[in-house]
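First up is the structure itself, then whatever we jot down about it.
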Amino acid sequence: MPNWFSRFKDIHFVFTLTIALPFFFSYMLLMNDWSIIWIMSFMTAVFLSILLIYDVYIITGMSIIGIAAGVTAALSFNHIEIHNFHWGYVAVISFAYVTGIASHYRNHVHYEDQLLFARSFSAGIAHEMRNPFSSLYSSMELMLDILRQRSEQCAHNNEENINELKSIIRSNMTVINNSNETINLLLSSINEHAISKNTFQEYSIVNVIKNAVESYGYQSSEDREPSYR
């Protein structure tokens with residue numbers, strides 16, 4: 001489909017279901033004189049529309065419009081003789097609509113409550129994790145500034161030790177940044193925020209693995225070495 005069509009895909013979806021389910025099956029139900037096979041098919045279409053459409057108002061609107069259009073088409077283009085119609089069929093179909101919508105609405109509300117709890121819980125965890133990360137990151141920035149000032153005053157023999165401390169601090173800061181990015185990614189996934197494809201880039205899997213190993217917070221430098229050595 002062209003790009004401009006994506007703006008109307010929701011309308012196209014509802015329109016297609018209206019024609020395919022309530023309109024078609026109500027039309028065929030009338031054309032086949034309320035036969036048992038088409039009554040069962042119409043009931044199947046009712047439950048299928050409830051499963052595919054989550055909104056009660058959209059289901060009601062598309063059902064009314066589709067059935068009205070199917071009845072109008074059957075009465076306008078054909079001479080229909082109704083012999084097998086019973087008002088009990090209308091009661092059963094109405095009962096199927098009401099119970100199906102009510103059951104689906106209850107499950108949908110329960111799902112929304114669980115999702116809301118998960119979002120609140122994850123937001124609390126992320127907040128509690130970011131506070132120590134932020135404090136630790138600020139402390140390391142202060143240590144880097146102190147080391148930078150001391151390195152200008154110290155002798156050359158202490159410069160290697162200072163550089164090693166700087167490297168450790170920068171490594172820890174990288175771990176904190178990666179942890180914050182992971183938290184943001186998890187929150188975006190839980191909150192169902194769309195990720196823009198404009199930010200996607202191609203990466204070398206070798207470089208990705210190397211960066212992952214280098215940025216991981218190992219307890220000792222020996223753990224960072226490959227196990228086959």
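Position 1 is the first residue of the sequence; numbering continues from there. What's counted below: heavy atoms across the whole structure, side chains too, no hydrogens, waters or symmetry copies. Keep in mind that what you see is a predicted model, and the values were worked out from it rather than measured.
If you take CG on L21 and CD1 on I53, they are separated by 9.0 Å, rounding to the nearest 0.5 Å. In this structure, the separation between OH on Y89 and CD1 on I36 is 4.0 Å, given to the nearest 0.5 Å. In this structure, the separation between OG1 on T18 and CD1 on I67 is 10.5 Å, given to the nearest 0.5 Å. Interatomic distance, OH of Y203 versus CD1 of I209, reported as 15.5 Å (0.5 Å rounding).
Its side chain within the 4.5 Å cluster rule, I19 clusters with F15, F23 among the Ile, Leu, Val, Met, Phe, Trp and Tyr residues.
Taking each heavy atom of A74 and L30 in turn, the nearest pair found is CB-CD1, 3.9 Å. Nearest heavy-atom pair across I93 and W34 is CD1-CZ3, 4.4 Å. The shortest non-hydrogen separation linking S26 to G70 is OG-CA, 3.6 Å.
Applying the side-chain contact (heavy atoms from CB on, under 4.5 Å) rule to V90 yields the partners F85, W87, S94; only residues at least two apart in sequence or on another chain are considered. Contacts of S49 classified as side-chain hydrogen bond (donor to acceptor under 3.5 Å, both in side chains), with partners at least two apart in sequence or in another chain: none. In terms of the side-chain contact (heavy atoms from CB on, under 4.5 Å) criterion, V98 has no residue partners (sequence neighbours excluded). In this structure, L51 has no side-chain contact (heavy atoms from CB on, under 4.5 Å) partners at least two apart in sequence or on a different chain. Take F95 and apply the ring pair (Phe, Tyr, Trp, His ring centres under 6.0 Å) test, not counting sequence neighbours, and it matches no residue. For S6, the side-chain contact (heavy atoms from CB on, under 4.5 Å) test picks out no residue, with sequence neighbours left out.
Criterion: ILVMFWY side-chain heavy atoms under 4.5 Å apart, direct or through other members. Under it, F25 and V92 are part of a common hydrophobic cluster. Under the 4.5 Å side-chain heavy-atom criterion for grouping Ile, Leu, Val, Met, Phe, Trp and Tyr, L52 is connected to V14 within one hydrophobic cluster. When the side chains of ILVMFWY residues are joined at heavy-atom separations under 4.5 Å, either directly or via intervening members, M28 and I65 end up in two distinct hydrophobic clusters.
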For residues 39-48, dump all side-chain donor-acceptor pairs below 3.5 Å to protein atoms at least two apart in sequence or in another chain.
unit_1	atom_1	unit_2	atom_2	d
S41	OG	I37	O	2.9
T44	OG1	M40	O	2.9

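Annotation: side chain to side chain donor-acceptor pair (under 3.5 Å) contacts involving residues 57-74, sequence neighbours excluded, comprise S63-Y97.
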